[in-house]
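Keep in mind the model is a prediction, meaning the values are calculated, not measured. What you see below is based on every heavy atom in this structure, not just the backbone, and it leaves out hydrogens, waters and symmetry mates. Protein chains get the first letters and strands the later ones, always in sequence-line order, with residue 1 at the start of each.
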2 protein chains.
Amino acid sequence: MRSDARRNRERLLDSAARLFAARGRDVQMEEIAADANVGLGTLYRNFASKQDLFVEIVRRRYLGLIDLAERAESIDDPAAAFRAVFVGYLEQAECDSAFQLALLGGSDLRWEGVEEQKALFAERVRRIIERGVRAGVLRGDLTFGDFPALVCGVMSTMYFKPSPTSDWRRHLDLVLTALETAVPQGAER
Amino acid sequence: MRSDARRNRERLLDSAARLFAARGRDVQMEEIAADANVGLGTLYRNFASKQDLFVEIVRRRYLGLIDLAERAESIDDPAAAFRAVFVGYLEQAECDSAFQLALLGGSDLRWEGVEEQKALFAERVRRIIERGVRAGVLRGDLTFGDFPALVCGVMSTMYFKPSPTSDWRRHLDLVLTALETAVPQGAER
DNA sequence: GCAGAAGCGGAACTACGCTTCCGCTCAGTT
DNA sequence: AACTGAGCGGAAGCGTAGTTCCGCTTCTGC
C-alpha cells in the first residue's frame, strides 16, 4: 500500500470519527472528505458506502468498551465492578452522538462486522452481573438480559435531552438505586 | 366548508395517524394521500407541509395524555395515582412509533402548537408527584423534573427494542422500584 | 530520471421525497 | 337545469445527498 494512501485513510477515519461524534450520523460524505483534505473518490475507494464507513467507526469505538469491561472485571469489589461497566459504558458514549445512536439501536446499523466485539463485551458484562447478584449487591432477579434496556434508557436522556449539565447522571443515580436494592421474592407488583 | 372537503380532511387525519403509528415519521406524503383516497393537492391544501401534518397528529394524541393525567389525579391513593400516569403514559405511546419518537424528543418536532397541551399535562403530573412525595410513597428527592428523563428512558426500550413480548414492562418494573424506594438523606452515592 | 501503475479529485449522475401548479370536476345554490 | 368557484388530482419541479466515473497526478521500483 502506498504511503500517501495509508495516510489518507487515517485522515478519513479521523475526520469521520470527529464529525460523526459531533453532529451525528447525518454529516455529508462530501464534508468528511473535505475535512480530511481528500477528494470524494478517495473516500469511496476506502469505504464502499457511507454505511461501511459508519460501521468501521462504530467498531473502533466498540474496542474501548471491551477494554472497559476487561478492566471492570478485574475489580475485586463486585458492586464497584458493576458500577464501573455501567457508568463507564455511558461515559464512553458521552460526547459522541453517533455512537450513542448506534448503541441505542437506531441508525439502521447492521451489526455484522461488530458482532464479534459485541459478543466479547456481552460475555464480560454477563459475568460481572452474575457475580454481583451472587454477592447480594445487586437485586436478586437481575439478569444480563436487563442490561441493554437499562443502559439504553439512561443513554436516551443523554441523546435526546443533551444538556451542558449532564442531566443523565441524575437519571443514572435513580436507576442504580433500583439495581442495588435487594428485592425480596415477589415483593414488587 | 364543503361537505366533501370535510370528509377528505377526516380521512387524511385518519390515514396519517394510522400510517405514522405503524411505520414512524418517514411514511411518504404520497402514501398518506393514496391511503386516504385523495390526491396530493388535497393533502397540501389541508396541511401546508409534512411537518404541519405531523404536529397536528401529535397534538391530537396529546389530548389523550391530558385526559389520562386528569383521571390519575382523581385517584385517592397517591401511589396508585403516580403509577397510573407513569404506566398510562407509556401505554398510550405503545403501538405508535411516531408518537414515541415525538415524546422522546427526536423527530425535530417543534412543539409550537402543542405547547398548551404540554403545559396542561405537565402541571397535573407535577401535582401527582408532589403528592406522592409528601405522602412518603415516592422517594423523597424525586421532583417533577425527573419525569421526562424517566419515561423517556423506558420508552426508549419500547422504541428501539420493539418486541412482541413487551420487554419494556420489565424495564418499567425496575425503574418503578427506584422511585418507590424511600432513600434516606445522603444514603446513595 | 523514467515508466507506469496506483491513487487522486471532483464534476456529473442518480434516486428519492417534499412541494407546487394548473386545468378539470362537481357540490351547492338559484 | 344551469351556473360557478371551491375543491380536486397528479404530473412536473426542485433540492438534497449518496455514488460513480474517468482524465490527471504522484509515488515507487528499476
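- Residue-to-nucleotide proximity on DNA chain C shows that, of B/Ser3 and B/Leu40, the 5′-proximal contact is made by B/Leu40.
- The stretch residues 13-32 of chain A has no heavy atom under 4.0 Å from DNA chain C, so no residue of it qualifies as close.
- Side chain of B/Lys161 to main chain of A/Leu104: a donor-acceptor pair is present (N/O by atom type, distance under 3.5 Å, no hydrogens or angles).
- At whole-Å resolution of the value, CG in A/Leu12 and C1' in C/dG7 are 13 Å apart.
- Scanning atom types as modelled, no donor and acceptor separated by under 3.5 angstrom connect the side chain of B/Arg2 and the base of C/dA27.
- For CD of B/Glu116, the number of neighbouring non-hydrogen atoms (other residues, nucleotides, ligands) closer than 6.0 Å is 12 at most.
- Where B/Gly41 and A/Asn46 meet DNA chain C, the nucleotide closest to each residue was compared, and A/Asn46 sits on the side nearer the 5' end.
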Inset, instruction - I would like to know whether A/Arg169 and A/Asp173 meet salt bridge (charged side-chain N to carboxylate O under 4.0 Å, His left out); could you show each step before the answer? - result: CA-CA 6 Å; A/Arg169 286 192 184 269; A/Asp173 272 1; over 6 Å; no
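- Atom CZ in A/Arg11 sits roughly 14 Å away from atom C1' in C/dG9 (whole-Å rounding).
- The nearest heavy atom of DNA chain D to B/Asn8 and to A/Arg7 marks one nucleotide each, and the one closer to the 5' end goes with B/Asn8.
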Legend entry - Residues A/Arg23, A/Glu31; criterion salt bridge (charged side-chain N to carboxylate O under 4.0 Å, His left out); working and verdict: CA-CA 12 Å; A/Arg23 313 222 315 273; A/Glu31 199 172 355; 3.0 Å; yes
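- The pair A/Glu180-A/Arg83 meets the salt-bridge criterion, since a charged nitrogen lies less than 4.0 angstrom from a carboxylate oxygen.
- Residue A/Phe47 contributes atom CZ, which lies 16 Å from atom C1' of D/dG18 at whole-angstrom precision.
- The side chain of A/Val38 lies closest to C/dG9 when the candidates are C/dG9, D/dC8, C/dC18.
- A sub-4.0 Å separation between OP1 or OP2 of D/dG7 and a side-chain N or O of B/Thr42 is absent.
- Between the P atom of D/dG7 and the CE atom of B/Met1 lies a distance of 6 Å, rounded to the nearest Å.
- With a 6.0 Å radius and a threshold of 12 heavy atoms from other residues, nucleotides or ligands, A/Glu30 has its CD atom at or below the threshold.
- Look at CZ on A/Arg6: it is 16 Å from P on C/dA6, rounded to the nearest Å.
- When the P atom of D/dT28 is taken as reference, atom CG of A/Asp4 falls 6 Å away, rounded to whole Å.
- The interatomic distance linking A/Arg45 (CZ) with D/dT20 (P) rounds to 13 Å, in whole Å.
- Here the P atom of nucleotide D/dT20 and the CG atom of A/Asp52 are 11 Å apart, to the nearest Å.
- Ring orientation note: the planes of A/Phe144 and A/Phe147 are close to parallel, at an angle under 30° on the 30°/60° scale.
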